[in-house]
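Order of the sequence lines sets the chain letters (A, B, ...), proteins ahead of strands, with each chain counted from 1.
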Amino acid sequence: MNEAVRVRFAPSNTGHLHMGGARTALFNWFFARHTGGTAILRVEDTDQERSTEAYYDAILEAFDWLGLDWDEGPYRQTERMEMYAGAARRMLEAGTAYRCTCTPDEVEEMRQKARAEGKTPKYDGRCRDRYDADPTEPFCLRLRTPDEGETVVNDLLAGSVTFQNDQLDDMVIVRTNGAPTYNFCVAVDDIDMRISHVIRGNDHLSNTPKQILVYNALGEAPPRFAHISMILGSDKKRLSKRHGATSVLEFREQGYLPDAFINYLVRLGWSFGDQEIFTREEIIRNFSIDNLNLSAAVFNPKKLLWTNQEHIMSGEAGGLLALLEERLRARDLDPDMLTREARLGVVEELRTRAKTLEELADGATFFFRQGVEFDEKAVKKFLKPEVAGPLARAREAIAGVEPFSPEGVKTAFERVLEAEGMKLGKLAQPVRVAITGGTVSPGIFETLCLLGKERSLERIDKALSLINQP
RNA sequence: GGCCCCAUCGUCUAGUGGUUAGGACACAGGCCUCUCAAGCCUGGAACGGGGGUUCAAAUCCCCCUGGGGUCACCA
């Protein structure tokens, strides 16, 4: 029982990596890292119709973003065709597979009939013992499924799940065109890759007995299985585009941190006491299949947002800044408008105010613009004629602050306030609108200092002339 | 419909026979306060129903109900 842990994540490149797939990949990856095992990536690209190279690349890109590295692979099933052919040949020779010359139409007819009679729709096995078939007739290969008995899936999570063999079909393992089928390839690959644990979505539970039958036919012992719960939309329906973003890369665009995204996804169906926020290392250290939940989980965008903010607040400033700069450049803004020290200050001031990197960029934008883009309503409400005086005096006070620090600015403000007999709120908002264009920003003293004395004065002058103009 | 899985606040979950059923998100109220956040405090909110087993059941068993999955020469 001391076998080496070897797990695999096996997406098909018929679409983007979505949340559900990512979560399955995560559980596999964390299990491997926790146990010191091997994580393998295998792309199931045998669907000629729907597989594309673009999706293949996008899937790898998604893993790159998530920071999941694979110890082996990516393997591609299209590069392993000889192996499936070899396995099929061995099964044919052993009599655990047979040639079937029935056409899809004929099989469909059988199913219709069985369904009409209220029985399990399945192929009736009429080609099982035919030795008289015309050798030139096209044929597919079917697995010879036992007529009686049962196939038991020993699931690490669900316990033993029993399937009656008579419910199972003689499934096609090699198509008439020679292409091997999914359930066959999976089993052959998992045998070849010496997979010890198959951790995958619950939707595969009913495929499992079919795959176990292939293991049996090939004389191999099946791996351990763990079928994890699925992710549902807020309407408890399977997650789809209707529920908003589902592709992993979309979350990158929206400004989620990979560690936060991982944190949220892993917590969906897995728990460790009352802890909500985890670093990657903490998950590796504490991950266990035993703590996985059996029931389906509803995706909650608000909690994802909260998780993201938690990671933004605790993240390393330099890394966050690099990500912020990327987004500023995408908005045609030049990060070098501020010194690196000031930029780090911007991150510190804004990290408690942003749930995503996009919001971080929104809040930082006014620092990196040449001038100010005024918000109409803010101007109307706060840059009124009566504040011209106090604002002008605040301008002079600010001009005299040396060195230009938040404490210094604060002291200068206090002097003006006292002379004017005003409350800070009455002065801070006009100044804020003057230098940011809007009514929301970090503390006014910090904001002035990060923006710098020169640029602050320029902006206040601009606001002053705006007030005096009309 | 057959087969299979699942079932604690709106949501994510803790709980493994004896708890005032805990935490988190969200929500509501308050404190703090130069705006917005963050932070702190408070509040409402759950064991789907019915039978058993037991001195005792959210925890074990059965039925029902509800939700999900799956029934291809797709993966």
Inset, instruction - Output yes when at least one side-chain N/O atom of A:Lys236 is less than 4.0 Å from OP1 or OP2 of B:rU11, else no. - result: yes

Inset, instruction - Please state whether the phosphate of B:rA72, meaning OP1 or OP2, lies under 4.0 angstrom from any side-chain nitrogen or oxygen of A:Arg111. - result: yes

Inset, instruction - Could you give the distance separating B:rA56 and B:rG17 at their C1' atoms, to the nearest angstrom? - result: 7 Å

Inset, instruction - Would you please confirm or rule out a distance under 4.0 Å between OP1 or OP2 of B:rC73 and any side-chain N or O of A:Thr176? - result: no

Legend entry - Mate of B:rU20 where both pairing distances stay under 3.5 Å, Watson-Crick or G-U: none

Legend entry - P gap between B:rC6 and B:rC63, integer Å: 14 Å

Inset, instruction - Tell whether A:Gln275 reaches the base of B:rG23 with its side chain through a donor-acceptor pair below 3.5 angstrom. - result: no

Legend entry - Watson-Crick/G-U partner (both atom distances under 3.5 Å) of B:rG2: B:rU70

Legend entry - For B:rC25, the Watson-Crick or wobble partner whose two distances fall under 3.5 Å: B:rG10

Legend entry - Rounded distance in Å between the C1' positions of B:rA57 and B:rG18: 10 Å

Inset, instruction - Measure the acute angle between the ring planes of A:Tyr256 and A:Phe261, then classify it against the limits of 30° and 60° as parallel, tilted or perpendicular. - result: tilted

Legend entry - B:rA38 versus B:rC25 - spacing of their P atoms, nearest Å: 11 Å

Inset, instruction - Give a yes/no on whether any side-chain N or O of A:Arg238 is located under 4.0 angstrom from OP1 or OP2 of B:rG69. - result: yes

Legend entry - Whole-Å distance separating the CD atom of A:Gln211 from the P atom of B:rU70: 14 Å

Legend entry - Sequence neighbours excluded, every pair satisfying salt bridge (Lys or Arg N to Asp or Glu O under 4.0 Å) that has a member inside residues 444-453 of chain A: A:Glu402-A:Lys453

Inset, instruction - Could you give the distance separating B:rG43 and B:rG2 at their P atoms, to the nearest angstrom? - result: 49 Å

Inset, instruction - With heavy atoms under 4.0 Å as the rule, sort A:Arg50 into base, sugar-phosphate or nothing. - result: base

Inset, instruction - Check the surroundings of atom CD in A:Glu106: do more than 12 heavy atoms from other residues, nucleotides or ligands lie under 6.0 Å from it? - result: yes

Inset, instruction - Have a look at A:Asn293 and say if it touches a base, only the backbone sugar-phosphate, or nothing, with a 4.0 Å heavy-atom cut-off. - result: sugar-phosphate

Legend entry - Separation between the C1' atoms of B:rA14 and B:rU70, rounded to whole Å: 31 Å

Legend entry - Base paired to B:rU35 (Watson-Crick or G-U; both N/O distances under 3.5 angstrom): none

Inset, instruction - Of all the heavy-atom pairs spanning A:Val298 and A:Ser234, show the shortest one and how long it is. - result: CG1-CA, 3.6 Å

Inset, instruction - Verify whether one side chain among A:Tyr75 and A:Asp189 offers a donor that lies under 3.5 Å from an acceptor in the other. - result: no

Inset, instruction - Using only side-chain N and O atoms of A:Lys237, determine if any of them is under 4.0 Å from OP1 or OP2 of B:rG68. - result: yes

Inset, instruction - Summarise protein proximity over nucleotides 34-40 of chain B in one line of letters, 5' to 3': B for base, S for sugar-phosphate only, - for none, counting protein heavy atoms closer than 4.0 Å. - result: BBBBSS-

Legend entry - CE-CD distance between A:Met83 and A:Gln77, expressed to the nearest 0.5 angstrom: 8.5 Å

Inset, instruction - Look at the side chain of A:Ser206 and decide which nucleotide, out of B:rU70, B:rC73, B:rA75, has an atom nearest to it. - result: B:rU70

Legend entry - Residues, nucleotides or ligands: over 12 heavy atoms within 6.0 Å of A:Glu373 CD: no

Legend entry - P-based separation of B:rA26 from B:rU33 [nearest Å]: 24 Å

Inset, instruction - Would you indicate, yes or no, if B:rC73 has its OP1 or OP2 atom less than 4.0 angstrom from a side-chain nitrogen or oxygen of A:Thr181? - result: no

Legend entry - Atom pair distance, as rounded to whole Å: CZ in A:Phe163 and P in B:rC71: 12 Å

Inset, instruction - Rounded to the nearest 0.5 Å, what's the gap from CG on A:Leu328 to OG1 on A:Thr365? Could you check? - result: 6.0 Å

Legend entry - Over 12 non-hydrogen atoms of neighbours within 6.0 angstrom of CD in A:Glu376: no

Inset, instruction - Once you apply the 3.5 Å cut-off to both distances, tell me the Watson-Crick or G-U wobble partner of B:rC40, or none. - result: B:rG30

Inset, instruction - Establish whether the base of B:rG22 is bridged to the side chain of A:Asp274 by a donor-acceptor pair shorter than 3.5 Å. - result: yes

Inset, instruction - With P as the reference atom in both, quote the distance from B:rC31 to B:rG66 in angstrom, rounded to an integer. - result: 48 Å

